[in-house]
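To start, the structure itself, in structure tokens.
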Amino acid sequence: MPDRIEEIRAYLNRLFPVCRSITGPGNRETLKVLQEIVPLEIKEYPSSRPVYDWVVPPEWSIREAWIKNPDGQKIVDFDRSNLHVVSYSRPVSGKVSLAELENHLHYRTVLPRAIPYRTSYYREDWGFCLSYEDYQRFFRKEGEYEVLIDSTLEEGALTVGELLVRGDSPREYLISTYFCHPSLANDNLSGVVLTAFLARELSRRKNNFSYRIIFVPETIGAVAYCAHNEAAMKAIDCGFVITSVGGPGRFGYKRSFDPEHVINRIIEQAFQESGIEYLVYPFDIHGSDERQYSSPGFRINMASICKDKYYEYDFYHTSLDNLDFVKPEFIEQSLRLYLDVIGRLDDNLVFVNQQPHCEVMLFRHGLYPKSGGGMLPGRNTSEELDIILWLLFLCDGTASLWQVAEKTGFDFKDIVRVAGMLESRGLLKRIDERMTNQS
Amino acid sequence: MPDRIEEIRAYLNRLFPVCRSITGPGNRETLKVLQEIVPLEIKEYPSSRPVYDWVVPPEWSIREAWIKNPDGQKIVDFDRSNLHVVSYSRPVSGKVSLAELENHLHYRTVLPRAIPYRTSYYREDWGFCLSYEDYQRFFRKEGEYEVLIDSTLEEGALTVGELLVRGDSPREYLISTYFCHPSLANDNLSGVVLTAFLARELSRRKNNFSYRIIFVPETIGAVAYCAHNEAAMKAIDCGFVITSVGGPGRFGYKRSFDPEHVINRIIEQAFQESGIEYLVYPFDIHGSDERQYSSPGFRINMASICKDKYYEYDFYHTSLDNLDFVKPEFIEQSLRLYLDVIGRLDDNLVFVNQQPHCEVMLFRHGLYPKSGGGMLPGRNTSEELDIILWLLFLCDGTASLWQVAEKTGFDFKDIVRVAGMLESRGLLKRIDERMTNQS
Amino acid sequence: MPDRIEEIRAYLNRLFPVCRSITGPGNRETLKVLQEIVPLEIKEYPSSRPVYDWVVPPEWSIREAWIKNPDGQKIVDFDRSNLHVVSYSRPVSGKVSLAELENHLHYRTVLPRAIPYRTSYYREDWGFCLSYEDYQRFFRKEGEYEVLIDSTLEEGALTVGELLVRGDSPREYLISTYFCHPSLANDNLSGVVLTAFLARELSRRKNNFSYRIIFVPETIGAVAYCAHNEAAMKAIDCGFVITSVGGPGRFGYKRSFDPEHVINRIIEQAFQESGIEYLVYPFDIHGSDERQYSSPGFRINMASICKDKYYEYDFYHTSLDNLDFVKPEFIEQSLRLYLDVIGRLDDNLVFVNQQPHCEVMLFRHGLYPKSGGGMLPGRNTSEELDIILWLLFLCDGTASLWQVAEKTGFDFKDIVRVAGMLESRGLLKRIDERMTNQS
């Protein structure tokens, strides 16, 4: 799909430079650009309102920020990279000694050319991030350094984007991504862009289930969204946190908290059938917004398919996680995987045999092999007939199609196809049961 | 038991030639002969009545059927074998070309001397079956062949036989056999005769449970019986479909749908204790009337103990499945196995300790070892005492005697005997719980 | 703890000679001595009253008992060892022939110097126990032997001791020992003394749960206690029968009836962490008062930690089970093990996250690592933080702290400590659920 790859490339280029945070104008701008792809509804949650154990923070804006050396030369400049300023830095202006300034400088010795990414959302502070090389080069002189951070922290709102894609069933799966990171490509501009294109694809398909697709700032955005949509979120069984899907490294997935959940098994099957080698990251209490969605109050099984998963690649949370590292081809490959997995999940219906007492009369429904004398397995019967018989036998409302596949060993897609055929003849009927951990 | 073997031989000889089908006079005649063995109640389900997804078919009678070659010689004659006519063939009379006739001839090249067994219950048709050798010998000449099938398909009834053997508990086990096959000895005259003798034995015994023993035409007969006895059938937990029990080949059993069900474990134990090697056929959606009884509406765990199981032996559904192949000695051997298995199943009671708080005072009940100083396991205690103590410990209404045997490792028969002794002293009391999959 | 060892030694010496049985003055005397250690409440259950399947027996007292040979010499004398008389011997006085006397003599050939321990609680009888050496030496002469047993069997009472140690929660664990054995040191004076000191320690601690600590005659005492405290006993999930804890041999424990119960797992963990090799005795229907407490009416999971378990050591139930065999040091070692195990059990609370929707805001509660930019597992996070996060994730009321430890692999004691810290901040709240088999 070269067109889609080019589309992805264009959006990466447009969105990469935008200065995003957990609130602020860069976030609104990002969602507005994404609305070109899908009709996201934009919601604003006002500052200072409590959301569970949290409070929506003031809105952060930044216009300009730099450090000048004692000679008056700008040695660090927000205009060159929005990573240079610790996110949520309070305004500051004036001259400081090098000793004092050092307390506000962040760099990493292990990647000496990379600007690290730092935030200080909940502790009032200010700071600059820079490469270790720049630190060594520009901060040798004693003397007074002039610093400016022209930022504001004011009452405003936290912005989220939402798209509800309605399917035949009102039961929803959750698809969530976070867009609070500034110029960081894999974590998580890749996830933001993939989610937008995934939303477009799902909107164009006819789906069995519904999809709640959300763009939130990580943590506080997920918390605020849950607080504003509690009942709907409690009704969801599983879904995906989409993040770090565009690196050059290996595919992998982070399991949801119940390792036996069908979402994990479907992901592994999709990987295996597409011949992609993959890493398995067990569920961990560290991670992304599954920490909110899987908490005791919601217990949504959330999985993440990644290509160069956050935490795991060297450039994680540095300026080297840029568009040299992330490629639209990788994102498009991840997108196809997500579409495959979600397609299988969407197909995992629960049917009930409408004629539960004894067998259906196959002949009457045009399903019986031609020659009589009893069916001779493997002689005058077909795999399709076997699937028909097993579906009618197992579909008593306790087994999803996935479970039928696991019990019988037949291919899931063949089972889905035959179940659809039996549904069209009125022999099976969908029930709208919530997929549980056992499904 | 030479007498019983001779009895079986006599009934095989009388019943083998009778032309049975899913309906018709041969079926009534068969049940009438079986009434000499046990007082079967005969029930008739009228034609054209719907039974679940099915309709009771018209009754089929046949008096005469043959093919004459262009020279007027009878080359196929129903009088010589009732397998020569496709069961449920509509009447036909007149001359047909060889080319047209070929569409109505059935033979098998792999067993060139065998007449295959064919039916056409639900598609109106007619046809002849013959050996491949006869086909090659008699159908070389072009020309007009005269065919006659003097059959009728008229409103009538489907005939079933039923015997309810009442035990102490109204809880029933199901024993079902099918008698719709014409002159085929292993499948299933062997099962029909065995079931009649099994019914006679059970009628003469004192049983803990009740037995619903039925003779039905396969599939439609089982469906019709279920429809006419729905509530009773829904209350049954497990049972047997008795079929192909008289061949010279190996013993084996087809498992019920829940492989852990006690019925499967009891069968394996009976095989093992009698030193008989046996094959295990996993549950499959193809098979016999377990397809009806195990369907979602009933979910009865049905197993079949076989000697030369249907599908598996070369002569299956051909004229070579005759009384040269099947021997009364084999049927009698299978009968003894069934009696053994059913005896164990009948013994698998659930008891409740009537003195659940603390131990019973063994001394008071005459159950205590003579010398005091505490019981010294293995020194002044006996295996019987151990069984007593374990039964009193485990019998809280959740464990059947079979489960007690599995938990403790004691012999099931010893447990049954000791439980009976404790029951007679009022220490244990039977509860009439349905045996579930877990029992 | 040399002081405690000396205390134990003193009580062993005082209590060893007392003639105990299932009733009688020696039992009252024993409990009175134990009241010096802990304020036991003494309860008397009157003779002849039915308790479940049993009846409280008459009270037995004995003042004097001997056998004189035909020469008038005392050859067996109760004054030298209370094991010489079969417990509950009826009074007897007069001359008997050697032949008749032989029916009333008990000795063991395998330990020729040991006096065996014998009882005849429920069959009216009398008898003497002596070493095989004494038997051979003193009973060669034919002639009349004079015997005296100056005992009484009269209406009285069965005596038990009870201490209820109240903790924060009214939920109780059961600690039971039996004190019906006369001068036998390991079985079970060791258990009696250990239990008294254990009770003292628990009384001095602040406990999460409550402890029902009882001293009963084995079997009939446990039965009578259950009958008089049925509701309280039915509410108990698990506990210990304390017996044979002072031998020189190996440690071991007898499992409760549910091998997966947390009590068994905690015992094994305590053994392993203290580096003690131990034997595992599976649950068996023979044993001590778990036979009563684990019976269907109560189903309390009772375990026993032993050092030279009853049944297993050579001197079991003989006069060689004396204070040369049992050492206070061993009892003290067993006591420490019991305190360790009970401490863990006491810590196995069930908590509920009070902020179940999404994560708590760690920063607000002073629990967040200093530098922002997301938590980097293993870099700026600590094991303590991980435990905090897992506890908040898993504590939904279904998992005990023990289960949290098993799921996460963190040390149980660390989990207990962190849970306490979170409770003190109001983030976790104890629920007073009964620990079930699954806990």
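Lettering of chains follows the sequences in order, A, B, ..., and the numbering in each one begins at 1.
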Separation of D396(C) CG from R299(A) CZ (nearest 0.5 Å): 4.5 Å

Smallest heavy-atom separation, D386(C) atom then I285(A) atom, equals O-CG2, 4.5 Å

If I compare all heavy atoms of P296(A) with all of L392(C), which pair ends up nearest, and what's the gap? CG-O, 3.5 Å

Less than 4.5 Å to any heavy atom of chain C: does that hold for the side chain of [X], its backbone, both, or neither?
X	result
Y225(A)	neither
S87(A)	neither
E230(A)	side chain

Within a strict 4.5 Å, meaning less than it, do heavy atoms of the [X] and [Y] side chains meet?
X	Y	value
E359(C)	D53(A)	no
C358(C)	F298(A)	yes
F257(A)	F393(C)	yes
M361(C)	I220(A)	no

Has S295(A) got a side-chain atom pairing as donor or acceptor with H357(C)'s backbone, closer than 3.5 angstrom? no

With a cut-off of 6.0 Å (strictly less than), are more than 12 heavy atoms of other residues, nucleotides or ligands near CZ of R49(A)?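 Not more than 12 within 6.0 Å, no.
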
Is R113(A) atom CZ crowded by more than 12 heavy atoms from other residues, nucleotides or ligands, each under 6.0 Å away? no

